[in-house]
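Structure first, commentary second.
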Amino acid sequence: MGRAGFVAGNWKMHGSLARNQELLEAVVSGTRSLQNVSCAVCVPYPYIVQAQSVLEGSHVAWGGQNVSQYHHGAYTGEVSADMLTDLGCRYVIVGHSERRILFGEENRVVAEKFRAAQECSITPILCVGETLAQRESGEAEQVIATQLDVVIDLAGIETLRHSVIAYEPVWAIGTGKTATPQQAQDVHEFIRSRIAVHNSKIAGDIQILYGGSVKADNARELFAMPDIDGGLIGGASLVAAEFISICLAAQN
Ligand code: PGA
């Protein structure tokens, strides 16, 4: 396959200067020998400077969890991709289901955020995924296809060369209920086939992560599936030993 692994932590709204310092230092030292796997942590905005100062020069990248669709202007409370670039962010999560569901971000806004990140050379980690009700009513593939199509229509297929996709079934996030490796694999394969309609090279090259209750003890079997290239890790990314083991599991 030839795709390198990638593991990104999504700290969500957790942390403090003191706790982050310990966690970041432990992650840097615990992942020092990683080969053929990239790793990153997506931290709350106020801590990006701290992440930069600890991670600069290490092989752990840092990023944001959200970004404005606008580049500058009178948008109180927003943070632009230009600002994230200024702070050395290599990645930003866009379209996380918590943003979609709790903060009303629709597909079109997610696509605009994706494009704004691209315009500043930040790699967007585009989250897609269905709710339990959508899965149970057989709509999962349609929901995910639409989430992808809106981005491809707005930003163009070429932008997927420099992006990462995370399949995160909403019913598996923070619930302790992981998709089985086969359930996740089926969706990852579907995502790749959907992209292949536009460009098969991009479909074969793009990293597709699985997210939703990934832990040290289930990461290996998920990452062993042919279309799963790594993970987007919430809760377990706050515990250094867990996060490090998950990064190591993406090596094989
Ligand atoms: P979780 O979160 O690992 O805590 O389930 C994943 C995510 O929301 O990205």
Side-chain angles (χ1 to χ4, degrees), residues 5-15 19-20 23 27 31 37-45 47-48 51 60-67 89-105 110 113-114 117 122-132 134-135 140 143-144 147-148 163-181 183-184 187-188 191 207-223 225 228-250:
F6 178 43
V7 176
N10 172 11
W11 287 8
K12 309 195 179 184
M13 200 171 71
H14 295 289
R19 264 176 52 201
N20 304 345
L23 177 56
V27 168
T31 55
V37 178
S38 322
C39 58
V41 288
C42 295
V43 308
Y45 291 141
Y47 300 130
I48 291 177
V60 182
W62 58 96
Q65 300 170 10
N66 183 25
V67 67
C89 291
R90 193 175 309 157
Y91 298 98
V92 68
I93 298 171
V94 296
H96 190 280
S97 60
E98 286 152 17
R99 304 273 348 145
R100 293 177 188 266
I101 295 165
L102 304 173
F103 299 96
E105 285 186 15
V110 171
K113 291 179 174 213
F114 179 97
I122 297 182
T123 302
I125 302 172
L126 171 67
C127 299
V128 297
E130 81 287 1
T131 62
L132 186 58
Q134 288 163 337
R135 173 165 280 260
V143 166
I144 293 163
Q147 290 171 337
L148 275 176
S163 65
V164 173
I165 292 177
Y167 167 55
E168 297 207 310
V170 177
W171 47 272
I173 294 177
T175 56
K177 198 171 158 188
T178 324
T180 65
Q183 278 174 324
V187 177
H188 283 228
I191 291 171
Q207 289 169 316
I208 307 180
L209 313 181
Y210 168 77
S213 300
V214 178
K215 303 279 182 272
D217 62 10
N218 60 22
R220 200 168 292 276
E221 51 171 2
L222 285 159
F223 300 167
M225 303 309 279
I228 303 183
D229 305 312
L232 181 57
I233 318 300
S237 72
L238 298 170
V239 181
E242 279 277 320
F243 187 64
I244 293 162
S245 321
I246 294 169
C247 293
L248 292 170

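Heads up: numbering here begins at 1 and tracks the sequence. For ligands, and for the atoms within them, numbers begin at 1 and follow the listed sequence.
- At a 4.0 Å heavy-atom cut-off, ligand 1 touches Ala172 through the backbone alone.
- Note on ligand 1: His96 sits in its first shell, one or more heavy atoms being nearer than 4.0 Å.
- Side-chain contact between Val37 and Leu248 is absent, with no heavy-atom pair separated by less than 4.5 Å.
- At least one N or O atom of Glu168 sits closer than 3.5 Å to an N or O atom of ligand 1.
- Remark: the Glu168 side chain and the His96 side chain contain an N/O donor-acceptor pair separated by less than 3.5 Å.
- In terms of polar-atom proximity, Gly235 is counted as a contact of ligand 1, with an N or O under 3.5 Å from an N or O of the ligand.
- Side chain of Ser213 to main chain of Ala172: a donor-acceptor pair is present (N/O by atom type, distance under 3.5 Å, no hydrogens or angles).
- The main-chain N or O of Gly234 is never found under 3.5 Å from a side-chain atom of Asn10 such that the two would form a donor-acceptor pair.
- Within the 4.0 Å heavy-atom cutoff, Ser213 counts among the residues contacting ligand 1.
- Remark: ligand 1 and Thr175 share no N or O pair separated by less than 3.5 Å (distance only, no angle test).
- When side chains are defined from C-beta on, Cys89 counts as touching Trp62, because their heavy atoms get closer than 4.5 Å.
- For atom 5 (O) of ligand 1, the nearest non-hydrogen atom from the set Gly129, Gly234, Gly174 belongs to Gly174.
- With Phe114 as the partner, the side chain to side chain contact (heavy atoms under 4.5 Å, CB included) test is satisfied by one option alone out of Val67, Val92, Ile125, Val94: Val94.
- Judged by distance alone, the side chain of Arg99 and the main-chain N or O of Gln65 form no donor-acceptor pair under 3.5 Å.
- Looking at Tyr210, its side chain never comes within 3.5 Å of a backbone N or O of Ala219 through a donor-acceptor pair.
- Taking distance alone, with nitrogen or oxygen atoms compared against 3.5 Å, Ile173 stays at or beyond that limit from ligand 1.
- If you look at Asn10 next to ligand 1, the close heavy atoms, those under 4.0 Å, all belong to the side chain.
- When only interatomic distances are considered, the shortest N/O to N/O separation between Lys12 and ligand 1 falls below 3.5 Å.
- Below 4.0 Å from some heavy atom of Gly212 lie the following atoms of ligand 1, by number and element: 5 (O).
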